[in-house]
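One-based numbering, in listed order, for ligands and for the atoms of each. The analysis underlying the following values was restricted to heavy atoms, covering all of them including side chains, and did not include hydrogens, waters or symmetry mates.
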Amino acid sequence: MSTLLITGGAGFIGANFAAYWRRSRPADRVVILDALTYAGNFDSISALCDGEYCRFVHGDICDAAAVQTLFQEHDFDMVVHFAAESHVDRSIYASQVFTRTNVQGTHVLLDAALSAWKSSFEGRRFHHISTDEVFGSLAPEEAPWTELARYDPTSPYAASKAASDFLVRSYAHTHGLPVTITNCSNNYGPYQFPEKLIPLMILNALTGQKLPIYGDGGNIRDWLYVEDHCAAIASVLDRGRQGETYNVGGGHQIPNIELVGQLCDTIGRRFAEDEGLAERFPDCPAASGRTTRSLMTFVRDRPGHDRRYAICADKLAHELGFRAGTTLADGLARTVDWYLANDAWWRRIHSGAYREWVKLHYGTEPKRSLASL
Ligand code: NAD
Ligand code: TDX
């Protein structure tokens, strides 16, 4: 039986990971530490938090005193560190908070782990969740990044994640802290905050709003279904070598414009199969038999927009026997189905931040706020 600290467990991937761990390791104890920023959502984890096997702590990873107290109260075997500011666009417009949370917050956690575990590192692990964005941008003909690719972050977000990765590695090298790092590609699935491409497109489509494609829509991402990512992290926690970095990719590279088209077609199929959806989402073009693709709109490009990300996940496959198994078609269908079935989750999301974000990008308010739908 282990005790885990999951930071950022009320966010998208952290909440999925907490659920995955509770399902697969019911005897373990989990403490979720989350500041509940705009991206955190207690609704995503409330069903898991029974107070005994899973406890929620509302707190800031930058608060060194609170973090150290938490390490004294719980004898953590593992830290799985997700907490971060995670949205590239936000880091373009206001990046200071990215340095604070992603760099300083990671530093605070490393110090707390080092201090709590210094008598013996036996059975301990600090696992840091990083991103493929630390490697920069690939040209069309370039091979996917391996773990040996040079760090070349281009956005303030990616730079803050790269800095946090270097801090984690430095604690392993200098102090012998037992760490592992995973650098994953773009995740998608249930509970993702609707500022990221896939949930934004699904919810805009359902509510009849424009589907904003940045630039020419030719930017390529490598999509990883979140449950595959959770299983990959578990395999690294179980069998990964200390001090190592593992890339996690979905193996599905696709230009944004094609991805959004596939999402529109998936939504269209669901409306054709279920007449009740037209009543629930009357503003969606599919409710009146039209294609949702009609909402696709080219908008001003993201400054410094990375052209292509692609991950080589062979090390994870060869060393730990894990490869992501969800096909893109299946993952997108499951994701669309989740947002269709869980509109109570997304309708309750605080609308202020979302409205502000939409205004920043389109210069107009959304037709209706998500909260009032
Ligand atoms: P998210 O934005 O959905 O969630 C982040 C969570 O961290 C939120 O619950 C938020 O409240 C919490 N948080 C933020 N600042 C905090 C602080 N100071 N103290 C405590 N909690 C705080 O992010 P996500 O998409 O779930 O990403 C999780 C991790 O995975 C991040 O480290 C991110 O860099 C990395 N990552 C994400 C993706 C992706 O596609 N989403 C891809 C690669 C890597
Ligand atoms: O409205 C949009 N229109 C659009 O064309 C949005 C929100 C995005 N895009 C494009 C930009 C990217 O090319 O879609 C692609 C994906 O965008 P995001 O969802 O913002 O993800 P990205 O910038 O690729 O970063 C993501 O992957 C790596 C996560 O947000 C990061 O946390 C992770 O580290």
Legend entry - Heavy-atom gap F193 to ligand 1 smaller than 4.0 Å: no
Legend entry - Element-labelled atoms of ligand 1 that are located less than 4.0 Å from some non-hydrogen atom of T131: 43 (C), 44 (C)
Inset, instruction - May I ask you to check whether Y191 and W338 place their ring centres under 6.0 Å from each other? - result: yes
Legend entry - R125 side chain to G240 backbone, donor-acceptor under 3.5 Å: yes
Legend entry - Min N/O separation W223 to ligand 2 under 3.5 Å: no
Inset, instruction - Ignoring angles and geometry beyond distance, decide whether V88 reaches within less than 3.5 Å of ligand 2 through its nitrogen or oxygen atoms. - result: no
Legend entry - Min N/O separation P212 to ligand 2 under 3.5 Å: yes
Inset, instruction - Could you tell me whether R221 sits above the aromatic face of Y309, with NZ or CZ closer than 6.0 angstrom to the six-membered ring centre and within 45 degrees of the axis? - result: yes
Inset, instruction - Give yes or no for whether the N/O distance cutoff of 3.5 Å, strictly under, is met between L33 and ligand 1. - result: no
Legend entry - Lys/Arg-Asp/Glu bridge criterion (N-O < 4.0 Å) met for E85, R100: no
Inset, instruction - Starting from atom 43 (C) of ligand 1, find the nearest protein heavy-atom neighbour and note its residue, name and distance. - result: C184 SG, 3.0 Å
Legend entry - Ligand-side contact atoms (ligand 1) for residue partner S185, heavy atom cut-off under 4.0 Å: 42 (C), 43 (C)
Inset, instruction - Would you check whether H305 reaches within less than 4.0 Å of ligand 2, judged by its heavy atoms? - result: yes
Legend entry - Proximity of Y309 to ligand 1 by residue part, where a heavy atom lies under 4.0 Å: neither
Inset, instruction - May I ask you to decide whether E319 forms a salt bridge with R241, counting only side-chain N to carboxylate O separations under 4.0 Å? - result: yes
Inset, instruction - Would you mind checking if R25 and D238 are paired as a salt bridge, meaning a charged N to carboxylate O distance below 4.0 Å? - result: yes
Inset, instruction - Looking only at distances, please establish whether an N/O atom of ligand 1 is found under 3.5 Å from an N/O atom of Y157. - result: yes
Inset, instruction - Consider every N or O of N256 and every N or O of ligand 2, then say whether any pair is closer than 3.5 Å. - result: yes
Inset, instruction - Using non-hydrogen atoms of the residue, decide whether G59 is closer than 4.0 angstrom to ligand 1. - result: yes
Inset, instruction - Report the part of E195 (side chain from C-beta onward, or backbone N, CA, C, O) that has a heavy atom under 4.0 Å from ligand 2; answer both or neither where that applies. - result: backbone
Legend entry - Within the 6.0 Å centroid threshold, strictly below: F12 and F193: no
Inset, instruction - Taking atom types as modelled, find out whether Y157 and N102 have a side-chain donor-acceptor pair closer than 3.5 angstrom. - result: no
Inset, instruction - Establish, from distance only, whether the side-chain atoms of D301 and H305 form a donor-acceptor pair under 3.5 Å. - result: yes
Inset, instruction - Compute the shortest N/O to N/O distance between D306 and ligand 2 and return yes if it is under 3.5 Å, no if not. - result: no
Inset, instruction - Please confirm whether R221 comes within less than 3.5 Å of ligand 2 when only nitrogen or oxygen atoms on both sides are compared. - result: yes
Legend entry - Atom indices of ligand 1 within 4.0 angstrom of S130 heavy atoms, with elements: 43 (C), 44 (C)
Inset, instruction - Of all the heavy-atom pairs spanning R22 and D50, show the shortest one and how long it is. - result: NH2-OD2, 4.1 Å
Inset, instruction - Examine R169 relative to Y151 and say whether NZ or CZ is less than 6.0 Å from the centre of the six-membered ring and inside a 45° cone about the ring axis. - result: yes
Inset, instruction - Could you list which atoms of ligand 1 come closer than 4.0 Å to a heavy atom of N186? - result: 40 (O)
Inset, instruction - Return yes when atom NE2 of H173 has more than 12 non-hydrogen atoms of other residues, nucleotides or ligands closer than 6.0 Å, and no otherwise. - result: no
Inset, instruction - Using modelled atom types only, decide if a donor and an acceptor are shared between the side chain of S288 and the backbone of R290 within a distance under 3.5 Å. - result: no
Legend entry - Part of T7 with heavy atoms under 4.0 Å of ligand 1, whether side chain, backbone, both or neither: neither
Inset, instruction - Answer with side chain, backbone, both or neither: which part of E133 has a heavy atom less than 4.0 angstrom from an atom of ligand 2? - result: side chain
Inset, instruction - From the options F298, F193, Y214, F12, select the one whose nearest heavy atom is closest to atom 9 (N) of ligand 2. - result: Y214
Inset, instruction - Give the contacting part of T101 toward ligand 1: side chain, backbone, both or neither, where contact means a heavy-atom distance below 4.0 Å. - result: side chain
Legend entry - For K161, atoms of ligand 1 separated by under 4.0 Å from a heavy atom: 31 (C), 32 (O), 33 (C), 34 (O)
Legend entry - Nearest neighbour in protein (non-hydrogen) for atom 18 (N) of ligand 1: D60 OD1, 2.9 Å
Inset, instruction - Out of A39, S86, G8, A84, indicate the one that has the non-hydrogen atom closest to atom 5 (C) of ligand 1. - result: A84
Inset, instruction - Output yes when a side-chain donor or acceptor of H128 lies under 3.5 Å from a complementary backbone atom of I181, and no otherwise. - result: no
Inset, instruction - Would you mind telling me if ligand 2 is within reach of the side chain of N187, the backbone, both or neither, using heavy atoms under 4.0 Å? - result: neither
Inset, instruction - With heavy atoms under 4.0 Å as the rule, classify the contact between H87 and ligand 1 as side chain, backbone, both or neither. - result: neither
Legend entry - Close N or O approach (T37, ligand 1; < 3.5 Å): yes
